[in-house]
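Below is one structure, written out as structure tokens, with a few remarks after it.
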Amino acid sequence: GFSFGLYQYYRTQRLRSAEFAANEVSRWLDTRETRQVISMLEWLERDVALETAEGSNKFENVMVKNQELPQALAPHTERTLSPKETAIRGVFDRFLFGLQRIEHFIESGVVKQRDVEPFLRYYLELIGKKPSVRMPEASQTALWKYIEFYDLRDVKKLFARFGYRP
């Protein structure tokens, strides 16, 4: 009777939540910016299609070396960025916005942490684990400094939720 109906309702809601989480994380992983950032973090150097001028929707393959990331992610108060560094920073901004969005979904109860964990584990570990298995220390430090400087609280909360701190 009633108990079974309540159980069915709860189960259906859990499945919807898990499906929503999987779809949102997949959508984030499928964005050009996320793929670009992951390539830049994983490889010491990599051709990346960067937007030649912000908002132009024209892309050019540019060799990005991991050692360039600390300069591109430096706080804007420290130096003037080149067009290439500005483009790199732009894709990192959109990548981090996606992580903020996922944290917001978890915090608001739309999805459960356990629903997104299997999809995010690798990426959170890549950025959060110290020392990183694949990411050079200078790039990892620069990314965390960027997150701190621009006070990306939801990004920090997401990493903390999974046991990683700057």
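All values reported here derive from a predicted model rather than from experimental measurement.
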Separation of Ile102 CD1 from Leu158 CG (nearest 0.5 Å): 7.0 Å
Heavy-atom side-chain contact between Pro75 and Glu78 under 4.5 Å: yes
CD-NZ distance between Gln71 and Lys84, expressed to the nearest 0.5 angstrom: 10.0 Å
Flag, side chain of Arg35 to backbone of Asp30, donor-acceptor distance under 3.5 Å: yes
Flag if over 12 foreign heavy atoms under 6.0 Å of CZ, Arg79: yes
CA sep, side-chain torsions, deciding dist, call: Tyr150, Leu96, side chain to side chain contact (heavy atoms under 4.5 Å, CB included): CA-CA 11 Å; Tyr150 292 102; Leu96 294 168; over 6 Å; no
Centroid-centroid distance, Tyr164 to Trp144, less than 6.0 Å: no
Spacing of CG belonging to Leu29 relative to CD1 belonging to Ile38, to within rounding of 0.5 Å: 7.5 Å
Interatomic distance, Lys156 atom NZ to Ile147 atom CD1 [nearest 0.5 angstrom]: 9.0 Å
Atom pair CD (Gln100) and CZ (Phe105), whose distance is rounded to the nearest 0.5 Å: 12.5 Å
Glu68 side chain to Lys65 backbone, donor-acceptor under 3.5 Å: yes
Side chain Glu51, main chain Asn57, donor-acceptor under 3.5 Å: yes
Side chain Gln113, main chain Arg161, donor-acceptor under 3.5 Å: yes
Thr31/Arg94 under side chain to side chain contact (heavy atoms under 4.5 Å, CB included): CA gap, chis, key distance, verdict: CA-CA 9 Å; Thr31 65; Arg94 289 185 285 286; over 6 Å; no
Glu85 versus Thr80, closest heavy-atom pair with distance: OE1-O, 4.2 Å
Main-chain N/O of Met135 paired with Ser139 side-chain donor or acceptor, under 3.5 Å: no
Heavy-atom check, side chain of Phe159 versus side chain of Arg165, under 4.5 Å: no
Phe97 ring center near His104 ring center (under 6.0 Å): no
Stepwise side chain to side chain contact (heavy atoms under 4.5 Å, CB included) test for Ile106 and Lys112: CA-CA 6 Å; Ile106 295 170; Lys112 301 234 181 280; over 6 Å; no
Minimum side-chain heavy-atom gap Asp47-Val64 below 4.5 Å: no
Exam field: side chain Glu125 to backbone Tyr122, donor-acceptor pair closer than 3.5 Å: no
Lys130, NZ: over 12 other non-hydrogen atoms inside 6.0 angstrom: yes
Atom pair CG (Asp154) and CZ (Arg101), whose distance is rounded to the nearest 0.5 Å: 12.5 Å
Close side-chain approach of Val48 to Trp43, heavy-atom, < 4.5 Å: no
Check: Ala72 main-chain N/O paired with Arg89 side-chain donor or acceptor under 3.5 Å: yes
Validation row: Leu50, Val62 side chains within 4.5 angstrom (heavy atoms): yes
Cluster overlap Leu81 with Leu73, hydrophobic side-chain contacts below 4.5 Å: no
Aromatic ring proximity Trp28/Phe95, centre distance under 6.0 Å: yes
Ser132: partners by side chain to side chain donor-acceptor pair (under 3.5 Å), with sequence neighbours left out: none
Leu69 with Leu44, same ILVMFWY side-chain cluster at under 4.5 Å: no
Donor-acceptor under 3.5 Å (Gln140 side chain, Ile127 main chain): yes
Side-chain heavy atoms of Val37 within contact of Ile88, under 4.5 Å: no
Non-hydrogen side-chain atoms of Thr141 and Pro70 separated by less than 4.5 Å: no
Polar side-chain atom of Asn66 near backbone of Met40 as donor-acceptor pair, under 3.5 Å: yes
Pairwise side-chain contact, His76 with Phe149, heavy-atom cut-off 4.5 Å (strictly under): yes
